[in-house]
Amino acid sequence: MRRVRDGDEALMRPHEGRPLHSRTERPAERPTRPAERPAERPPTGRPAQRRAEPPLPPAPGAEQHPALDLANTALTLPGGQSADLLDTPSAARHWLAARGLAPDAADLGETCAGRLRALREQVRALLAARTDAHPAPAEALAALNHALTLAPAASLLHWSPDRGLYRAAAHPTTQIVEHALAALAADAADLLTGPDAERLTACGSPPCNRYLLRHGRRHWCSIRCGDRARAARAYARRTRRDTAE
């Protein structure tokens with residue numbers, strides 16, 4: 001008969017409120033991970049676009065011709081990036097107000113901002129046709145001519161107690177965008193048919209897609225683009241030299 005030792009007997013006796021084993025083993029605690037933030041989803045609608053930082057200065061000629069400035073609000077940037085300076089109603093209102101084409105407090109909705117962007121694309125099409133010596137697209141011509149008719153070309157006759165009879169362009173608050181589109185279309189027509197048309201050119205530093213008025217031999221829109229163009233030419237020369245050796 002097997003003899004029970006004192007220690008074993010103690011383990012076999014029932015214990016009130018205590019486990020049968022004198023030592024309990026606690027499972028090893030797993031290290032806790034910090035809570036992971038859910039991946040942020042891009043907002044719905046148009047894809048997010050990055051604005052140029054710091055912003056590019058106006059291209060040569062853009063300060064004299066708002067239509068040229070309008071064409072340059074859709075930017076193609078290095079690294080496959082792009083920027084649209086009219087991508088929201090607020091941005092479009094700010095752009096128009098900064099050029100005296102709309103009051104600062106103008107109530108501009110997405111429909112109006114979309115009309116401004118649509119005119120921009122037609123102006124760009126006409127600028128591209130002019131610089132590439134191609135026929136002007138019929139759709140772009142029709143869109144520009146339609147914009148020209150949105151506001152009266154002549155100043156109207158008015159009367160007020162303090163000024164008497166005077167002439168001023170009609171500018172009702174309900175037609176702010178129409179007047180802005182008409183003014184931009186008129187400037188585009190003047191640019192394309194006036195003496196500055198001979199100086200109109202596209203920036204020669206890919207991937208930049210801005211237009212400018214050429215001064216001398218310069219055919220890029222900014223110092224940044226000029227530096228990139230010179231660097232590209234230097235790299236091409238080194239590549240040709242290394243290949244020849």
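- Residue Asp107 qualifies as open at atom CG: its count of foreign heavy atoms under 6.0 Å is 12 or below.
- No side-chain heavy atom of Leu68 sits under 4.5 Å from any side-chain heavy atom of Val123.
- Applying the 6.0 Å contact sphere to CD of Glu121 captures more than 12 heavy atoms from other residues, nucleotides or ligands.
- The two residues Leu200 and Tyr211 make their nearest non-hydrogen contact at CD1-CB, 4.4 Å.
- Scanning both residues, Ala97 and Pro103, for their nearest heavy atoms gives CB-O, 4.1 Å.
- In this structure, CG on Asn145 lies 11.5 Å from CD on Gln122, to the nearest 0.5 angstrom.
- Taking 4.5 Å as the limit, every side-chain heavy atom of Leu212 sits out of range of all side-chain heavy atoms of Trp220.
- Checked by atom type and distance alone, the side chain of Arg115 never pairs as donor or acceptor with a backbone atom of Thr111 at under 3.5 Å.
- The pair Arg130-Glu198 meets the salt-bridge criterion, since a charged nitrogen lies less than 4.0 angstrom from a carboxylate oxygen.
- Arg117 is listed as a side-chain neighbour of Leu86, based on a closest heavy-atom distance under 4.5 Å.
- Counting all heavy atoms, side chain and backbone alike, Ala74 lies closest to Arg124 at O-NH1, 4.1 Å.
- Atom OG1 in Thr201 sits 9.5 Å away from atom CG in Leu213 (nearest 0.5 Å).
- Remark: His146 NE2 to Leu119 CG distance equals 10.0 Å, nearest 0.5 Å.
- The two residues Leu148 and Ala182 have their closest heavy-atom pair at CD2-O, 4.1 Å.
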Check your understanding: What's the verdict on side-chain contact (heavy atoms from CB on, under 4.5 Å) for Arg210 and Ser222, showing C-alpha distance, side-chain angles and the deciding distance?
Key -> CA-CA 10 Å; Arg210 298 209 298 175; Ser222 65; 4.1 Å; yes
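- A 4.5 Å side-chain heavy-atom check between Asp196 and Gln64 finds every atom pair outside the cut-off.
- Contact detail for Pro89 and Glu110: the closest heavy-atom pair is CD-OE1, 3.5 Å.
- Separation of atoms CG (Asn209) and SG (Cys221) is listed at 9.0 Å; rounding is to 0.5 Å.
- The side-chain heavy atoms of Ile176 and Leu108, taken from C-beta on, include no pair separated by under 4.5 Å.
- Distance check, rounded to the nearest 0.5 Å: NE2 of His179 to CG of Leu150 gives 9.0 Å.
- Interatomic distance, Ser82 OG to Leu75 CG, rounded to the nearest 0.5 Å: 8.5 Å.
- Two residues are said to be in side-chain contact when any heavy atoms from C-beta on lie closer than 4.5 Å; Leu96 and Leu116 meet this criterion.
- Cluster membership for Tyr166 and Leu157, using ILVMFWY side-chain heavy atoms within less than 4.5 angstrom, is not shared.
- Across every non-hydrogen atom of Ala180 and Leu101, the tightest pair is CB-O, 3.8 Å.
- Looking at heavy atoms from C-beta onward, Asp84 lies in side-chain contact with Arg120 at the 4.5 angstrom threshold.
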